[in-house]
Student: 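Starting off with a structure, shown below.
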Amino acid sequence: PIVVVNKHDEEGVLHSVCSDEQAGMSLVTNALIARGHRRIVSLDQEGWDYRDAKERVALLDRHLADYDVVRPEEDRVTVKGSIPALLEQLMARPEPPTAIFCWHDRLAYRVLEACDEVGLDIPKDVSIVGYDGLHWPSTSKHVAASVHVNPGEIAVRSLGMLTALIEGRSAPLRDIVPVLFQSGTTLGLGPEVKRRHTDSHFYGEGGN
């Protein structure tokens with residue numbers, strides 16, 4: 001018997017245990033939209049070991065479309081060179097991004113270190129969101145906002161499924177493990193929400 005761990009068999013033949021990536025990217029999108037972000041840049045990478053990168057970016061765009069947010073192609077960025085230089089280019093745009101989605105947390109912490117290097121105040125200048133819920137060793141003081149995936153639960157369910165198959169018992173073809181969103185310290189408010197909060201504070205203090 002074979003159990004695929006943290007990836008589904010696209011042909012629907014092999015059993016698998018996987019985190020709920022659809023729900024995870026929905027959580028990312030909802031968190032960004034609720035905080036007023038519309039100019040959202042995604043950062044992915046290319047390579048055989050970055051198989052989830054394009055999929056997560058595609059899911060982000062799919063969920064953003066539910067809010068009538070359609071991103072231009074230039075907002076889908078593949079990281080290839082210097083991250084500090086990339087950040088400077090992004091923030092020099094006439095309308096810079098208010099949030100950056102990094103397809104996994106290791107990249108998110110590299111981006112946070114680069115933000116320190118170029119003098120960006122997080123989350124005031126730009127919000128950073130990752131994926132996986134892993135706090136990588138970093139010089140950044142921040143904890144990245146991220147979707148928390150429970151690898152321990154995936155391992156336990158995978159072992160249970162494999163044991164059932166070996167013993168001839170039935171098992172679901174696909175077992176999907178729930179995920180959670182954690183705001184960390186890197187997810188702030190978009191400009192429109194900031195403005196509403198400022199106006200509300202102003203009028204509440206004495207205006208009418």
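Heads up: numbering here begins at 1 and tracks the sequence.
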Student: Shortest non-hydrogen contact from A108 to G130?
Tutor: CB-CA, 4.1 Å
Student: By the definition side-chain contact (heavy atoms from CB on, under 4.5 Å), identify the one residue from V177, V4, V17 that meets it with S158.
Tutor: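 Option passing the side-chain contact (heavy atoms from CB on, under 4.5 Å) with S158: V17.
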Student: Closer than 3.5 angstrom, by distance alone: can the side chain of E113 be matched with the main-chain N or O of T139 as a donor-acceptor pair?
Tutor: yes
Student: Does S26 reach the main-chain N or O of Q22 with its side chain, forming a donor-acceptor pair under 3.5 Å?
Tutor: no
Student: Could you go step by step and tell me if L43 and L86 meet the side chain to side chain contact (heavy atoms under 4.5 Å, CB included) rule?
Tutor: CA-CA 10 Å; L43 301 184; L86 173 60; 4.0 Å; yes
Student: Between H63 and V28, is there a side-chain heavy-atom distance shorter than 4.5 Å?
Tutor: no
Student: What is the distance from atom CD1 of I122 to atom OG of S127, rounded to the nearest 0.5 Å?
Tutor: 7.5 Å
Student: Ignoring hydrogens, what is the shortest heavy-atom contact between N6 and I154? Give both atom names and the distance.
Tutor: OD1-CD1, 3.5 Å
Student: Would you say CD of E167 has more than 12 non-hydrogen atoms from neighbouring residues, nucleotides or ligands within 6.0 angstrom?
Tutor: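 Buried by this count: over 12 neighbours within 6.0 Å.
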Student: May I ask you to check whether over 12 heavy atoms, not counting those of I166, lie within 6.0 Å of atom CD1?
Tutor: yes
Student: Answer whether the closest heavy-atom distance between the side chains of P123 and L187 falls below 4.5 Å.
Tutor: no
Student: So, taking the atom named OG in S82 and the one named CD in Q89, what distance separates them when rounded to the nearest 0.5 Å?
Tutor: 8.5 Å
Student: Report whether L60 and I33 are members of the same hydrophobic cluster (ILVMFWY, side-chain heavy atoms less than 4.5 Å apart, transitive linking).
Tutor: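 Yes.
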Student: Is there a continuous path of hydrophobic side-chain contacts, each under 4.5 Å between heavy atoms, that joins L87 to V41?
Tutor: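 Linked, L87 and V41 end up in one cluster.
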Student: Looking at every heavy atom in both P97 and V126, which two are closest together, and how far apart are they?
Tutor: O-CG2, 3.7 Å
Student: State, with a plain yes or no, whether a side-chain heavy atom of K54 is found less than 4.5 Å away from one of T78.
Tutor: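 Heavy-atom side-chain distance check passes, below 4.5 Å.
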Student: Are the side chains of E74 and R93 in contact, using a 4.5 Å heavy-atom criterion?
Tutor: yes
Student: Would you call the rings of W103 and Y50 parallel, tilted or perpendicular if under 30° counts as parallel and over 60° as perpendicular?
Tutor: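 It falls in the perpendicular class, over 60°.
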Student: Hey, does the side chain of R157 reach the backbone of E153 with a donor-acceptor pair shorter than 3.5 angstrom?
Tutor: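 The answer is no, because no donor-acceptor pair under 3.5 Å joins these two groups.
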Student: Checking D105 side chain against H135 main chain: does a donor-acceptor pair fall under 3.5 Å?
Tutor: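 No, D105 side chain to H135 backbone: no donor-acceptor pair under 3.5 Å.
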Student: Between A145 and S183, which heavy-atom pair has the shortest distance, and what is it?
Tutor: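 What the structure gives for the nearest pair is CB-O, 3.0 Å.
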Student: Any side-chain heavy atom of P172 within less than 4.5 Å of one from M161?
Tutor: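 P172 reaches M161 side chain to side chain.
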Student: Rounded to the nearest 0.5 Å, how far apart are CG of L180 and CG of L27?
Tutor: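 It is 8.0 Å, given to the nearest 0.5 Å.
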Student: When rounded to the nearest 0.5 angstrom, what distance separates CG in L32 from OG1 in T98?
Tutor: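 Output value for this atom pair is 8.0 Å.
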Student: Hey, does R56 have a side-chain heavy atom less than 4.5 Å from the side chain of H104?
Tutor: yes
Student: For residues F181 and V57: do they belong to one hydrophobic cluster (side chain heavy atoms under 4.5 Å, members Ile, Leu, Val, Met, Phe, Trp, Tyr)?
Tutor: no
Student: When you measure from the side chain of S16 to the backbone of R174, do you find a donor-acceptor pair of N or O atoms at a distance under 3.5 Å?
Tutor: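 Looks like no, no N/O pair under 3.5 Å.
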Student: Do I83 and V118 belong together in a cluster built from hydrophobic side chains that touch within less than 4.5 Å?
Tutor: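 Yes, one cluster joins them.
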Student: For a 4.5 angstrom cut-off between non-hydrogen side-chain atoms, does W136 reach R110?
Tutor: no
Student: Would you check if the side chain of H37 reaches a backbone N or O of G188 as a donor-acceptor pair within less than 3.5 Å?
Tutor: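 Checking the backbone N and O of G188 against the side chain of H37, a donor-acceptor pair under 3.5 Å is found.
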Student: Please answer whether the main-chain N or O of I128 pairs with a side-chain N or O of T186 as donor and acceptor at a distance below 3.5 Å.
Tutor: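 Checked: pair present.
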Student: Closer than 3.5 angstrom, by distance alone: can the side chain of Y109 be matched with the main-chain N or O of P137 as a donor-acceptor pair?
Tutor: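 No, the answer is negative, given that no donor and acceptor are paired below the 3.5 Å cut-off.
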Student: Does some side-chain heavy atom of V129 sit less than 4.5 Å from a side-chain heavy atom of V147?
Tutor: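 Side-chain contact under 4.5 Å: no.
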Student: Quick one: closest heavy-atom pair of D125 and G119, and the distance?
Tutor: OD2-O, 4.2 Å
Student: Before giving the answer on side chain to side chain contact (heavy atoms under 4.5 Å, CB included), spell out for I176 and H8 the whole-Å C-alpha distance, their side-chain angles and the decisive distance to 0.1 Å.
Tutor: CA-CA 9 Å; I176 300 176; H8 290 312; 4.0 Å; yes
Student: Would you name the heavy atoms of S19 and V149 that are closest together and state the gap between them?
Tutor: CB-CG1, 3.6 Å
Student: Would L112 and L120 show up in the same hydrophobic cluster when neighbours are defined by side-chain heavy atoms closer than 4.5 Å?
Tutor: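 Yes, because L112 and L120 connect within a single hydrophobic cluster, where side-chain heavy atoms sit under 4.5 Å apart.
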Student: Enter the distance from D132:CG to R106:CZ here, rounded to the nearest 0.5 Å.
Tutor: 12.0 Å
Student: Can you give me every donor-acceptor pair (side chain of residues 65-72, partner residue at least two apart or in another chain, under 3.5 Å) with its distance?
Tutor:
residue, atom, partner, partner atom, Å
Y67, OH, N30, OD1, 2.6
R71, NE, D61, OD1, 2.7
R71, NH1, I40, O, 3.0
R71, NH1, S42, OG, 3.2
R71, NH1, D75, O, 3.0
R71, NH2, S42, OG, 3.0
R71, NH2, D61, OD1, 3.2
R71, NH2, D61, OD2, 3.2

Student: How far does CG of D121 sit from CG of D116, to the nearest 0.5 angstrom?
Tutor: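 Answer rounded to 0.5 Å: 9.5 Å.
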Student: Does a salt bridge link D44 with R76, judged by any charged N lying under 4.0 Å from a carboxylate O?
Tutor: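 So D44 does not pair with R76 through a salt bridge.
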